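Chain letters run A, B, ... following the sequence lines, proteins first and then strands; every chain starts at 1. Treat the numbers as computed from the prediction; the structure is a model and nothing was measured. Atoms considered below: every heavy atom in the structure, side chains included; atoms not considered: hydrogens, waters and symmetry mates.
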There are 2 protein chains.
Amino acid sequence: MLTKKKRLLFQKQAEIAKSISHPLRIAIVDFLKDGDQCVCDIAEHIGSERSNVSRHLSVLVGCGVLEYRKEGLKVIYNLKAPCILDFFSCMTTCLKQQAEDNERLLAAL
Amino acid sequence: MLTKKKRLLFQKQAEIAKSISHPLRIAIVDFLKDGDQCVCDIAEHIGSERSNVSRHLSVLVGCGVLEYRKEGLKVIYNLKAPCILDFFSCMTTCLKQQAEDNERLLAAL
DNA sequence: TGACTATGTGATTATATACTCATATAATAA
DNA sequence: TTATTATATGAGTATATAATCACATAGTCA
């Protein structure tokens with residue numbers, strides 16, 4: 001059986017995973033890998049309402065994936081945990097694997 | 001603006017991330033890193049109903065994180081994408097960072 | 001064959017999440 | 001001061017997810 005310690009760890013890890021479990025949040029992290037950006041530029045880049053983007057950003061900040069600083073009127077967000085990007089490539093590997101599996105299946109029909 | 005290609009990629013990546021965005025599913029993946037297991041042993045280890053575990057397992061299989069084989073009555077699950085484990089350590093790094101931040105904050109009070 | 005065991009699934013309910021709109025806050029400039 | 005701009009947040013609605021229970025399926029063995 002799981003210990004309480006492990007349960008807590010898994011709970012916290014799940015929160016981080018959940019924070020990047022949304023296409024727009026993935027797009028945000030991907031955008032920020034090339035440099036810091038303000039909310040309005042992020043919103044324009046991913047094509048969504050600023051209010052919506054603001055909420056997505058606060059989820060990512062809450063989990064320690066992003067951090068921000070204020071510069072005049074603007075709030076600039078940046079990647080705090082770049083190791084997240086490694087996970088992105090792991091997911092891409094998964095997807096390639098799946099695509100290859102499907103290809104093999106198709107060839108067998 | 002995002003291209004359609006990128007949108008699709010982010011959508012698929014979000015699905016994989018979502019598949020591990022649950023404490024029980026994290027516990028399952030963590031359990032399977034030490035070797036293949038059947039549903040009933042997984043259910044006992046994580047302390048949840050078999051029907052519930054079965055559903056969580058099918059989510060993970062659906063995203064290519066796990067795969068399974070049948071052995072008699074039992075269905076044995078194993079880790080198909082071990083790179084997921086690297087992400088676990090990234091998340092642990094995030095959590096340590098957050099804990100340190102909190103410590104610094106506390107010390108400043 | 002029938003009994004038993006492991007697993008999966010349909011239906012239901014409770015809860016969580018995402019999005020939109022309207023509004024609030026805060027910094028800046030006229 | 002007022003107006004403007006960037007950002008954040010409350011409320012409401014729609015949708016997605018998780019857990020439970022009952023039942024179905026499928027493999028094994030007497």
*Closest to the A:L73 side chain, choosing from C:dT9, D:dT28, D:dA6*: D:dA6

*Which pair of heavy atoms, one from B:G35 and one from B:Q37, lies closest together, and at what distance?*
O-CG, 3.6 Å

*Which whole-number value in Å describes the distance from B:L57 CG to C:dT9 P?*
12 Å

*Would you kindly compare A:K18 and A:R55 by the position of their nearest DNA chain C nucleotide and give the one closer to the 5′ end?*
A:K18

*For B:S48, which contact category applies under a 4.0 Å heavy-atom criterion: base, sugar-phosphate, or nothing?*
nothing

*Nearest-Å distance, CG (A:N52) to P (C:dC19)?*
4 Å

*asked:* Surrounding CD of A:Q97 (heavy atoms of other residues, nucleotides or ligands, distance under 6.0 Å), is the total greater than 12?
replied: yes

*Tell me, yes or no, whether the heavy-atom count around B:F31 atom CZ, taken from other residues, nucleotides or ligands under 6.0 Å, exceeds 12.*
yes

*asked:* A quick test of your reading: do over 12 heavy atoms of other residues, nucleotides or ligands sit less than 6.0 Å from NZ of A:K80?
replied: yes

*asked:* Please compare B:S51 and A:C38 by the position of their nearest nucleotide in DNA chain D and report the one closer to 5'.
replied: A:C38

*Measure the distance from NE2 on B:H22 to P on D:dA18 and round it to the nearest whole Å.*
5 Å

*asked:* Just N and O in the side chain of B:H56: are any of them under 4.0 Å from OP1 or OP2 of D:dA19?
replied: yes

*Starting at CD of A:E44 and ending at P of D:dT5, how long is that distance when rounded to a whole Å?*
16 Å

*In whole angstrom, what separates A:L66's CG from D:dA8's P?*
12 Å

_Length of the line joining B:I46:CD1 and D:dA18:P, which is rounded to integer Å_ = 12 Å

*For A:K70 and A:S21, take the nucleotide of DNA chain C holding the closest heavy atom to each; which residue's nucleotide lies nearer the 5' end?*
A:S21

*Salt bridge check: are A:K74 and A:D41 linked by an N-O gap of less than 4.0 Å?*
no

*asked:* Distance check needed: C:dA18 P versus A:L60 CG, whole Å only.
replied: 10 Å

*In whole angstrom, give the distance that lies between atom CD of B:E49 and atom P of C:dA6.*
15 Å

*B:R25 or A:Y77, whichever maps to the more 5' nucleotide of DNA chain D*: A:Y77

